2 protein chains.
Amino acid sequence: MITRGKLSEQSGCNAETIRYYERIGLLPDPPRSESGYRMYDQEHVSRLRFIQRARELGFSAQRVRDLLNLSDRPKQHTRAEVKDLTEAHIQEISEKIRDLQKLKKRLDAISSHCDGAMESAKDCPILISLFAEH
Amino acid sequence: MITRGKLSEQSGCNAETIRYYERIGLLPDPPRSESGYRMYDQEHVSRLRFIQRARELGFSAQRVRDLLNLSDRPKQHTRAEVKDLTEAHIQEISEKIRDLQKLKKRLDAISSHCDGAMESAKDCPILISLFAEH
DNA sequence: TCTTGACTCTGTACTAACTACAAGGTTTAC
DNA sequence: GTAAACCTTGTAGTTAGTACAGAGTCAAGA
C-alpha cells in the first residue's frame, strides 16, 4: 500500500491529477488509513498507467472511461466494441490533421505575400487580408 | 449604430461571445444607449470580423490581441513583427500536425493487431497493449 | 519529548474560449 | 395594454487538469 505521493512518484502523474481522476471516476476511491490518507495498491497503479497511456494517445477522459468500462466488464463486451472506439478515435485524429493542414496552407499563402521589410505594420499584407471584406 | 443582436446576426458571431470578447479586451467597450444597450458602429464590425478570421485560422485570443495591437499602433511596429507572429503560429501548427501524425501511426499499429472478432474484450489486443507494463 | 520539515487532507479558484441560463429591464408590434 | 422579443447583469458550466490556502499527520533529529 502506497500513499498518493508515492503513486505520483512511481507513475510520473501529478499528485493533484490523481485526485482529479478519482473525482471524475476514472480511478476508484482508494481505501483510507486511520488518519484519512489514501492507500493505493497494485490495481490502482495498473489502472493509472492505463489512463496515462490512453491520454498520451489522445483519448478524451470520456473515451478512457468507456475503455475502462469495457475492460472492467469484459464478459458483457466484445473486442469489436473496443476496436470501434479506437477506430472512431483514429477517425477524429485524421480529421484534425486534415483541418490543420488546410489551415497551414492558408497561412502559408497569406504569409508568402509579406516580405516583412521594415515598413509600417499598417501596410502589412497579412493584417490587410485579415481585415479585408471577404 | 446597431445593437448586440444585430452585430451577432451580421457577423454570425454568438451574442454572448461578443460580450466575452469585450470582457477580455479584444473588442473595445462600445458606447451605450440611454437605457444601457450597447451601440456598435462600423469600426466594431470590422474589428469583430478581424477577430473571427484570425480565430478561424487558429490564432489564440492572446495572439489575436497581439495582432490587433500591431494594427492599432502601426507606426510603432513593423511588418516584420506581424510576419514573425504569423510564422510562429505556422510553426506551432506544423508541430501539432507532426504530433497528431505520430499519434495516428501508433494507434494504427495497435488497432491493426485486433481483428475485432466477437470475442471477450478481456483478450482484446488493444486493451492489453494499454495495460501492459511498458 | 519537542520541534521541524515533509507529507497529506479538504475545498476552492484558476486556466482557454467560449456557451448557457436566470432574473430583471426595455423596446416593438399589435 | 400587453405580449413577444430583445437587452442587461451576474453566474455557472464545459475539458483536463494545476495551484494554493489552511489544517491535520507523520517521521526524524536534538
Side-chain angles (χ1 to χ4, degrees), chain A residues 1-27 29-41 44 47-68 89 92-93 96 99-100 103, chain B residues 1-27 29-41 44 47-68 89 92-93 96 99-100 103:
Chain A
M1 300 288 247
I2 55 175
T3 60
R4 188 151 61 107
K6 292 282 166 219
L7 179 57
S8 166
E9 208 176 284
Q10 269 187 35
S11 62
C13 181
N14 185 306
E16 295 287 308
T17 303
I18 294 172
R19 191 158 69 107
Y20 170 71
Y21 286 157
E22 189 181 318
R23 185 147 48 90
I24 65 168
L26 291 189
L27 277 177
D29 294 9
R32 301 292 185 114
S33 74
E34 274 184 37
S35 58
Y37 282 23
R38 289 169 179 79
M39 302 308 288
Y40 297 99
D41 62 17
H44 292 97
R47 205 176 172 91
L48 181 53
R49 291 246 165 88
F50 179 97
I51 296 166
Q52 288 183 290
R53 291 209 181 87
R55 293 287 304 120
E56 271 166 30
L57 289 170
F59 285 95
S60 69
Q62 182 54 55
R63 278 271 165 77
V64 177
R65 203 191 322 271
D66 294 341
L67 287 170
L68 283 168
H89 183 49
E92 273 171 32
I93 290 176
K96 253 185 223 161
D99 288 349
L100 285 174
L103 215 65
Chain B
M1 299 289 248
I2 54 175
T3 61
R4 189 152 59 108
K6 291 284 166 217
L7 179 57
S8 166
E9 207 176 285
Q10 270 187 33
S11 62
C13 181
N14 185 307
E16 295 288 309
T17 304
I18 293 171
R19 190 158 69 108
Y20 170 72
Y21 286 156
E22 188 181 319
R23 185 146 46 91
I24 66 170
L26 290 189
L27 277 177
D29 294 9
R32 301 293 184 115
S33 73
E34 273 183 37
S35 58
Y37 282 24
R38 289 168 178 81
M39 301 308 289
Y40 297 99
D41 61 18
H44 292 98
R47 205 176 172 92
L48 181 54
R49 290 245 166 87
F50 179 98
I51 296 167
Q52 287 182 290
R53 292 212 181 85
R55 294 286 304 120
E56 273 166 30
L57 289 169
F59 286 96
S60 70
Q62 183 54 56
R63 279 272 165 76
V64 177
R65 205 191 321 273
D66 294 341
L67 286 170
L68 282 168
H89 184 49
E92 274 171 32
I93 289 176
K96 255 186 220 159
D99 289 349
L100 285 174
L103 216 66

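Computed from a prediction, not measured in an experiment: that's the story for all the values here.
The base of D/dG10 sits with one of its N or O atoms less than 3.5 Å from a complementary donor or acceptor on the side chain of B/R19.
Among the nucleotides D/dG17, D/dT8, D/dC7, the one closest to the side chain of B/R4 is D/dT8. Proximity note for A/E16 (side chain, C-beta onward) versus D/dG17, D/dT9, C/dG11: the nearest is C/dG11. Minimum atom distance to the side chain of A/N14 is reached by D/dA19, of the listed C/dC9, D/dA19, D/dT8. If you check D/dA16, D/dC20, C/dT19 against the side chain of A/Y20, the one that comes closest is D/dA16.
Heavy atoms of A/S60 sit under 4.0 angstrom from primed sugar atoms or phosphate atoms, though from no base atom.
Rounded to an integer number of Å, the gap from B/E22 CD to D/dG10 C1' is 14 Å. One atom, CE of A/M39, and another, P of C/dT8, lie 10 Å apart when rounded to the nearest Å. Computed from coordinates, the A/L27 CG to D/dG17 C1' distance equals 14 Å when rounded to whole Å. B/E34 places its CD atom 16 Å from the C1' atom of D/dT8, with the value rounded to the nearest Å. The NZ-C1' distance, from B/K6 to C/dT28, rounds to 11 Å in whole Å. In this structure, CD1 of A/I18 is placed 14 Å from P of D/dA19, rounded to the nearest angstrom. In this structure, A/F59 atom CZ and D/dA16 atom C1' are separated by 17 Å, rounded to whole Å. The CD-C1' distance, from B/Q62 to C/dC18, rounds to 16 Å in whole Å.
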Nucleotides 1-6 of chain C: which of its N/O atoms have a protein N/O under 3.5 Å away?
none

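Between A/S35 and D/dC26 there is a side-chain N or O to OP1 or OP2 distance below 4.0 Å. Taking side-chain N and O atoms only, B/R23 has no distance below 4.0 Å to OP1 or OP2 of D/dT9. OP1 or OP2 of C/dC9 has at least one side-chain nitrogen or oxygen of A/R38 nearer than 4.0 Å. Phosphate contact (OP1/OP2 of D/dC7, side-chain N/O of B/T3, threshold under 4.0 Å): present.
Heavy-atom distances to DNA chain C give each of A/R32 and B/T17 a nearest nucleotide, and the one nearer the 5′ end belongs to A/R32. The 5' end of DNA chain C is approached more closely, in terms of each residue's nearest nucleotide, by A/E9 than by the other of B/Y21 and A/E9.
Side-chain polar atoms of A/Q52 and A/R49 form no donor-acceptor pair below 3.5 angstrom.
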Exercise. Output, in order, the C-alpha distance, side-chain angles, deciding distance and verdict of side-chain contact (heavy atoms from CB on, under 4.5 Å) for B/D99 and B/K96.
Key: CA-CA 5 Å; B/D99 289 349; B/K96 255 186 220 159; 5.7 Å; no
Practice problem: Give the intermediate values and the outcome of side-chain contact (heavy atoms from CB on, under 4.5 Å) for residues A/Y40 and A/L48. | Solution: CA-CA 11 Å; A/Y40 297 99; A/L48 181 53; over 6 Å; no
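A heavy-atom distance below 4.5 Å is not found between the side chains of B/R38 and B/H44. Using a 4.5 Å heavy-atom threshold, the side chains of B/M1 and B/P30 count as separate.
Between B/R19 and B/E16 there is a salt bridge, with a side-chain nitrogen of the basic residue lying less than 4.0 Å from a carboxylate oxygen of the acidic one.
Counting all heavy atoms, side chain and backbone alike, B/V64 lies closest to B/A54 at CG2-CB, 3.8 Å.
Distance alone, capped at 3.5 Å, is enough to place a donor-acceptor pair between the B/R4 side chain and the B/A15 backbone.
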